[in-house]
Amino acid sequence: MAHDPAHTEHAAADAHAGGEDQHHPGWSTYWKVAVILTVITIWEVWAYYIPSLVASRIFVPMLLILSGLKFVIVVMFYMHLKYDHKLFRALFTGPLLIAALTGIALLFLFGQLVARFGPG
Amino acid sequence: MSAPAAHHYTTTGLDSRKIAIWAFIGSECMLFISLISTYLIYKGRSIVGPFPHEEWTSPDGRHFEPILDIPITSASTFVLLMSSLAMVLALAAVQNKNLPKRTRGDRILGSSKLWLWMTALLGATFLGFQAYEFTSFVHEGLTLSTNLFGSSFFTLTGFHGAHVTAGVIWLVSLLAIDYRRGLGPADALNVDIAALYWHFVDVVWIVIFTVVYLIE
Amino acid sequence: MATTAMPTSISSDPRPSDPYSGIWGWITTVDHKRIGILYLYTALSFFIIGGLEAVVIRAQLQGPNGQLVSAEMYNQLFTMHGTTMVFLAIMPLSAAFFNFLIPLQIGARDVAFPRLNAFSYWVYLFGGIFITVPIFFQLAPDGGWFGYTPLTTRDYSPGINIDFWVIGLQILGVSSLAAAFNFITTIINLRAPGMTLMRMPMFTWMSFVVQFLVILAFPVITVALVFLLFDRFFGTQFYAVAAGADPLLWQHLFWIFGHPEVYILILPAFGLVSEVLPTFSRKPLFGYPVMVYSGILIGVLGFGVWAHHMFAVGMGPIADSIFAVSTMLIAIPTGVKIFNWIATMWQGQLRFTSAMKFAIGLVALFTIGGISGVMHSSPPADLQQTDTYFIVAHFHYVLFGGSIMGIFAGIYYYFPKMTGRMMSERLGNVHFWLNFIAMNLTFFPMHFSGMLGMPRRIYTYDSGQGWDTFNLISSIGAYMLVLATAIFVYNFFMSRRRGEIAGANPWGAGTLEWTIPSPVPEYNFAVLPTVTSRYPLWEGTEADAESARINSQEGKTSEELGIVLPYSTVKPMIVALAMVIMFCGLITTMALTFLGAAIMVVALYSWLLSPLEPEHH
Amino acid sequence: MKGNFRLRQFTTFGFVALAALALAACAGEYPNTTFEPKSEFARSIDFLWDRLLLLGTIVFVLVELALIYVIFRYRRRPNDNTTPPQTHGNALLEVTWTLIPAVILIFIAIPTVRTIFETQAKVAAGALEIEVIGHQWWWEFRYPQYNIVTANEIYLPAGVTVNFKLTSADVIHSFWVPQLAGKRDVVTNRTNYIWFTPDSTLGPSVWNGFCTEYCGSSHANMRFRVFTVRPEQFESWVAGQQQPAAFGAVASAAPPEGTPTLPQSGTGAAGGAAPAIPRPPGSTVPGADSFPAPAPIGDGATTQLAAGYTFPEHLPEFAYARPNSALPRGLKFSKGLTGNAARGMQAYGTTACIGCHVITGNPMSVGIIGPNLTHFGSRSTIGAGSFPNTPAYLALWIKNTRAMKPGSIMPTMGANEYDPILKRTVTTGGLDDQQIADIVAYLMSLK
Ligand code: HEA
Ligand code: HEA
Ligand code: CUA
Ligand SMILES: [Cu+2]
């Protein structure tokens, strides 16, 4: 929540661009990112068609990591969180964290509910 | 579009609308985590088929294949990813409207209309895929009310689809403005906000594609 | 253009509608102060309605085997009482203060999105009417304020009653969310120069935390409600037990929202008390940073305790233990607040105005509710307490003894700023004591009836169960509360007309909102103040004094000062109305839904495409 | 001001007094108190409660005292305008009052977690198994080990561990017997368990049970009774329940008087409390041979033996377990009728009753929607603890259940009675008071 007071002071540099820093990446970065995303996607789908891999213990973690990776890349570069005011980072990661924890907790609770006291 | 408080003093120097959209996106995280969690909680709890990844034969002997169609969905996923690329290019084009365009490449990259069109069309294509998917599921006997899987699947992906639809409408509105008076650096923020929303819808799909379609 | 501190010339066109003219002025206003006052009046009305429902409840339970109302009516009464008090009374009462105060406390001319602000109010009003009207036709929701499935599914509640509840809450959620985004942006982005986060008044801080609770908690209940809505209208199976649905899904989703919600209800009151106590102790708030952090901590922890409402459902020992401990943890930051408030008064110059009394009342009574809360937090112990009147006692001590007391403190304290007149201290004193005594008479005995085995939500009980006396006392207390509230209502309206003139800073308070005239001019601050301390009027430097001097001048119009103010507009109200019509379609005819949607889209576009305010030259 | 704050103190004192009083009085007048645990489970909870109450009270007293002290000590003296010291905080103090609560909480958390795992451990082998099935708005109880099915009444042998298996037939309910154990929700599509051991020292006693999860219109009327009895009495009760319906004879269950008078409800000549209906041998009953004669009947003696032990709930000390709910206004039953059990059985067989109720031994009565009535006559209450089981109440109940119990699924049977759910008056197929009196006689005779 609390972002650094340094920023809170300086007034609008450029009201129109919302004072956001102009040095966004350009085409050169964007197409590379696109390629990476595509490659990862192909990798995921490819993995899906290897029965032995699907059966193996690494399958699920791998897919989760891969999609997590895509998630981060898009957020960092296409949503240029990497270059923007760190306030935005706080506004996004805070809720994202709570959301993730809540989701995990829910799955845990519904997975756990078979273990109950008493017989059966 | 109007610029609320844009030319007033702001503490951070940032435009209020951009702060608002990020807060909105944060809130959307909770929305989609609830939907996704529900889908996962109900996974494998349906009493009757059809099922996402397993085949099923109904008591009256009708046979159902695993219902999810990975190739099609992979394609639509790719389409949505590409729409994000188009979106960032559209934003860049708007921001650099006034920069001189020397090469033909510059002109192509510099055309906000082209890239906005691209984004909207790719988004529409994605929706097309989804419409196809939904109808074929219904034909194969999976509806909202067939089983827990049907309910949670259609609601989750439907919510995402609704977000994409809203995004497409938003983009078309921007295009309308672009045609009426042209979008320039002054509008960069409006486009930026639309873009943030669009990319977020994209990352949500990235997660859905993995946990719903690929992981069995 | 970076700052409007110095008057900048603007187009001379007068504002299309004079904001202070008549009913139309109120319908089209986008002024945060007037919207705040709209919230205040509406919410107080709903508070009275919810209270009257409670009084009928108490009359029915006054003695054993009461036959005042039917079982069906009783179930509608407690459902609507809870729903009304939580969603239509306390949250909007807080919203009234968010609207009125936040911009004044941070030195802004308005909120970040004035028209969105108006929209939030109208959605609230129409949604509130939508969900309240059915009770007069005995068609009100009857599933309890947390509407557990499967009871609330079509199979077990075929009637239209629950439909009102599902749709109504859905509508109200839109209002809260819209407002939350607005205030988050406002607080982050519209603070006057020098108003750093760690100089913000405590009320604004607590509101800030609350807005985050809203944007994170409401999406979850939105989803839960969408499931129920789809189940009831479109045949999905989310809660259909016949299809193998798990009833605990609703419970978890609801309480993931529900517990943060209770902090949404209390933190604004905490904030108000943190404004009142320092003023009437003539001392700055004790341990300001700790107060901030504890507020944030309460908010964050609030997301990790929801299952303490489900200790009886059989989650298993591990989950029970985890949620028990996380719940207990919240007692620590809350305790810090209590102690810091006492420390604030320590060595102070206490002036016992009505506002002060209510603030102290909160500290005294909330503690009781908090402690019973900790008693629930021990799952085995809670197995005896849950769903009995002991719980009812707990949450009325925190809600009435906490939220309501704090809000009353706020009303007495800010009434002068809102109206320019003082409330009658004499009546205020009577109101406080009657309220304080009656409140305890009503709710303290519930601890006993609960631990002596009286379940909640029962429309009747046998004699000879040992509950009669306690219920009688509770009912008498409730009747006294009606009197107390009536006195308040009287005081409010009398003072509105006859109260003595207040002046800019009647209490000798220290924060920014007291540097400007009462009632506040539409532009709030003639010049954006420059803030150099937490209590500009107490500890301020020259800079503070200077802007205070300019801002306290009365009678200037925005035109004279060259301050740009947004146009008044009716569009947000139309969008809100259209949205509610759209929802009404669900329970009448789909045609209405499409009509509403159409109007909404059109109105929305014309809203977004029309300029907020006159353009600069 | 000063006066005001004396007043304030008084109120505070008032509550402490009230508290003391109430706690002291807990003995006796408070049949559902949680302060007098009667099982090891309830006792372990009570231990926690005492700890919580103690610590809670300490915190409460300290906070309120500090508050009151500050209020008196630092209130502004008239025309004293000195500004007080402008302290902004004190790290040491604030750390202290962060730590103290933390320490207190440790003393709560540890026993809490211990108790959680104790009370949720697996039940010891050889426990008495009881299946609890929640219905809107009554309780079905099954003793799988004895294949007994009954409703709204549980018999427990004192000192024997009992393990309840909780499931629901419709919505969520919650199972609570305050003095014996905490609650456990009865959740649809889930199976919950709760077990405890009623103190072996308990003499025959009865406990009120409640549904404590809001479950619809008659949530308030979803009560039950738990009888803790000596093991040998339990055996006898089991023996009795295991018999098919011990149908006696032409029981002239005499006229249920118009409307029972509360609370000692109008018991017709049959004497509602323990109606001693004469029971000639079942064989003499017309058509009785159409179903298995009840177990050993002495020469023309009564079937009392076969009925087995039933709890003497009519004894004055158990008054609190005797429902005295208000009767719907205007529900009347004509005086002076004499019910005939034999005719009643036929009437019963021709009505909707059989579609919902089981009476073992009555081949026609096989419905499973409603409570099992096999030993109906041996029960102390009807309507899930709503009314005493006397001919008078039973007659009214059959005549218009839905008036007696809001939302009940059992239709209104009485001719010309208004059915509040169907919103119309029963005409064709409705029972007249004589038929009802007969059915009453029949049911009452099912010991
Ligand atoms: C304003 C709203 C509000 C607030 C602030 C709270 C605060 C707390 N609540 Fe409450 N609660 C409700 C509103 C609220 N609650 C409602 C409405 C319900 C019922 C919902 C329903 O079923 O209808 C409920 C129900 C409820 C339950 C579920 C009971 C059940 O249904 O079985 C529980 C269980 O743990 C609980 C716990 C707590 C705790 C631990 C706190 C803590 O935050 C309290 C912390 C404060 C203190 C402890 C006092 C001050 C501290 C000190 C003086 C320090 C020293 C103290 C100690 C060391 C003990 N609450
Ligand atoms: C902030 C929330 C809030 C507030 C303020 C109150 C206030 C009161 N509540 Fe409420 N209550 C809840 C929130 C609240 N309640 C909730 C969430 C539930 C759970 C619902 C559920 O189980 O689903 C509940 C349930 C509940 C029950 C349990 C019902 C049951 O379980 O069967 C009872 C019973 O006594 C009760 C009583 C009261 C009383 C007597 C008041 C009194 O304080 C009310 C005092 C009266 C008034 C303030 C209005 C009357 C004033 C006037 C008429 C003035 C005259 C008018 C003019 C001059 C214009 N409440
Ligand atoms: Cu069953 Cu309440
Ligand atoms: Cu809670």
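Values below: all heavy atoms of this structure, side chains included; hydrogens, waters and symmetry mates excluded. Numbered from 1 within each chain, the chains take letters A, B, ... in sequence-line order. Just so you know, these numbers come straight off a predicted model, no measurement behind them.
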Item to complete: Under 4.5 Å, counting heavy-atom pairs only, tell me which of B:Leu31, B:Ile21, B:Val48 racks up the most with chain C.
Response: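 Top option by heavy-atom pairs under 4.5 Å: B:Leu31.
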
Fill in: Among the listed options B:Thr146, B:Leu148, B:Ile169, B:Ile33, the residue most often paired with chain C at heavy-atom distances under 4.5 Å
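Counting heavy-atom pairs under 4.5 Å, the top option is B:Leu148.
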
Worksheet item: Aromatic ring centroids of B:His163 and B:Phe200 under 6.0 Å?
Response: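 Not under 6.0 Å, so no.
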
Fill in: Donor-acceptor pair, side chain of B:Ser111 and main chain of B:Leu114, under 3.5 angstrom
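Pair found, side chain donor or acceptor close to backbone of B:Leu114.
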
Worksheet item: Does B:Asp69 use its side chain to pair, donor to acceptor, with the backbone of B:Glu133 at less than 3.5 Å?
Response: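 Answer holds: no.
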
Using heavy-atom distances under 4.5 Å, tell me whether [X] contacts chain B through its side chain, its backbone, both, or neither.
| X | result |
| --- | --- |
| C:Leu116 | neither |
| C:Phe227 | side chain |
| C:Ala242 | backbone |
| C:Phe238 | both |

Worksheet item: Knowing that exactly one of B:Phe137, B:Trp56, B:Phe149 qualifies, which makes a ring pair (Phe, Tyr, Trp, His ring centres under 6.0 Å) with B:Phe64?
Response: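 Exactly one pass, corresponding to B:Trp56.
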
Discussion item. Using the ring pair (Phe, Tyr, Trp, His ring centres under 6.0 Å) definition, which of the options B:Phe129, B:Phe159, B:Tyr213 pairs with B:Trp205?
Written reply: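 Among the candidates, only B:Tyr213 passes.
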
Pick one of side chain, backbone, both or neither for [X], based on which atoms fall under 4.5 Å of a heavy atom in chain C.
| X | result |
| --- | --- |
| B:Ile47 | both |
| B:Tyr42 | side chain |
| B:Phe154 | neither |

For [X] and [Y], test the side chains for any donor-to-acceptor distance below 3.5 angstrom and give the result as yes or no.
| X | Y | result |
| --- | --- | --- |
| B:Thr119 | B:Trp198 | no |
| C:His252 | C:Trp306 | yes |
| B:Ser76 | B:Thr73 | no |

Given the options [options], which has more heavy-atom pairs under 4.5 Å with chain B than any of the others?
| options | answer |
| --- | --- |
| C:Asn182, C:Val214, C:Leu216 | C:Leu216 |
| C:Asn189, C:Thr236, C:Asp110, C:Ile215 | C:Asn189 |
| C:Ala240, C:Gly235, C:Ala180 | C:Gly235 |

